[in-house]
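A short worksheet on the structure shown next.
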Amino acid sequence: MIIRPEAEKDFSQIYDLVKVAFQTAKVSNGKEQDFINQLRSSADYIPGLALVAEEGEELIGHIMLSKTFIAGSGNKFDALLLAPIAVKLAHRCKGVGAALIHESFRLARALGHQAVLLVGDPAYYHRFGFRSAISFGVKHAMEIPDENVMACALTPGALDGVKGTMACA
């Protein structure tokens, strides 16, 4: 398996991979594949932080980190949004998702990013250092259960004292 930045030639395969992967996800709105296309056409897209996992000629996983922020008390704290991550069903529980997360975090740190936010399944994301965002004083602008809105500091203490509302894409 290799992990590399996504390329335009991958976009239709990524769309299908994400659509099918989220049909069996615990947390999904069914529109994750469209969300990717929406992010790619926005100023929040960071091409070097949209990665694919490839085995042979087959794409088996995808992750995207894009720009977001936390707004509060007249301040704006820049962060990244992990949304979405998808792994083909036949390749789940084999470390593909973990490898994508670790590599995207490594690249994000190298680019100077300090924190990642997401909406997802806490049972999966806690192992990567995510905690309930509300424990940092960060809430989501939409009516999403607090346990599904999570944050992870990429650098120690990055979220200390950051309070506010997570921007919605």
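The structure displayed is predicted, hence computed values, not measured ones.
Taking hydrophobic clusters as Ile, Leu, Val, Met, Phe, Trp and Tyr residues chained together by side-chain heavy-atom distances below 4.5 Å, Phe128 shares a cluster with Ile63. In the hydrophobic cluster analysis, where Ile, Leu, Val, Met, Phe, Trp and Tyr join through side-chain heavy atoms closer than 4.5 angstrom, Phe22 is grouped together with Ile144. When hydrophobic clusters are built by joining Ile, Leu, Val, Met, Phe, Trp and Tyr residues whose side-chain heavy atoms come closer than 4.5 Å, directly or via intermediates, Leu49 is grouped together with Tyr125. Cluster annotation: Leu89 is not connected to Val20 through the hydrophobic network of ILVMFWY side chains, with a link wherever side-chain heavy atoms come within less than 4.5 Å. Residues Leu39 and Leu51 do not share a hydrophobic cluster, clusters being chains of Ile/Leu/Val/Met/Phe/Trp/Tyr side chains in contact below 4.5 Å.
Residue-environment remark: CD (Gln23) exceeds the threshold of 12 foreign heavy atoms within 6.0 Å. The neighbour count for Lys19 NZ, taken as heavy atoms of other residues, nucleotides or ligands under 6.0 Å away, does not exceed 12.
Among all heavy-atom pairs drawn from Ala21 and Ala86, the shortest one is CB-CB, 3.7 Å. Val116 and Phe130 get closest at one heavy-atom pair: O-CE2, 3.5 Å. Minimum heavy-atom separation, Val149 to Met166: CG1-SD, 4.0 Å. Residues Lys139 and Ile134 approach most closely at CB-CD1, 4.0 Å, considering heavy atoms. Residues Leu159 and Ala153 approach most closely at CD1-N, 3.9 Å, considering heavy atoms. The minimum heavy-atom distance linking Pro84 with Val18 is given by the pair CG-CG1, 4.1 Å.
The closest side-chain heavy-atom distance from Tyr45 to Met64 is below 4.5 Å. Contact annotation: the side chain of Phe105 approaches that of Leu82 to within less than 4.5 Å [non-hydrogen atoms, C-beta and beyond]. You'll find the side chain of Pro122 reaches within 4.5 Å of the side chain of Asn148, heavy atoms only. Side-chain contact between Leu65 and His113 is absent, with no heavy atoms from C-beta onward closer than 4.5 Å. Asp44 has its side chain out of reach of Leu81: every pair of non-hydrogen atoms, C-beta onward, lies at least 4.5 Å apart. Using a 4.5 Å heavy-atom cutoff, the side chains of Ile14 and Val52 are in contact. Two residues are said to be in side-chain contact when any heavy atoms from C-beta on lie closer than 4.5 Å; Phe136 and Val162 fail this criterion.
Rounding to the nearest 0.5 angstrom, the gap separating the CD atom in Glu57 from the CD atom in Gln13 is 9.0 Å. Between the CD1 atom in Ile85 and the CD1 atom in Ile101 there is a gap of 4.0 Å [rounded to 0.5 Å]. Cys152 contributes atom SG, which lies 10.5 Å from atom NE2 of His126 (distance to the nearest 0.5 angstrom). Separation of atoms CG (Leu107) and CD1 (Ile3) is listed at 9.5 Å; rounding is to 0.5 Å. Distance check, rounded to the nearest 0.5 Å: CD of Glu58 to CG of Leu17 gives 8.5 Å. Arg40 contributes atom CZ, which lies 9.0 Å from atom CD of Glu8 (distance to the nearest 0.5 angstrom).
For residues 103-117, the pairs satisfying salt bridge (charged side-chain N to carboxylate O under 4.0 Å, His left out) are Glu103-Arg106, with sequence neighbours left out.
Between the Asp10 side chain and the Ala7 main chain, a donor and an acceptor come within less than 3.5 Å of each other. Counting only distance, with no hydrogens or angles, the side chain of Asp78 and the backbone of Phe69 share no donor-acceptor pair below 3.5 Å.
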* Asked: Are Ile60 and Lys94 close enough, and set up right, to give a side-chain contact (heavy atoms from CB on, under 4.5 Å), and what steps lead you there?
  -> CA-CA 11 Å; Ile60 60 172; Lys94 297 179 180 178; over 6 Å; no

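For the side chain to side chain contact (heavy atoms under 4.5 Å, CB included) with Ile70, the qualifying choice from Asn75, Leu117, Thr165 is Leu117, the only one to do so.
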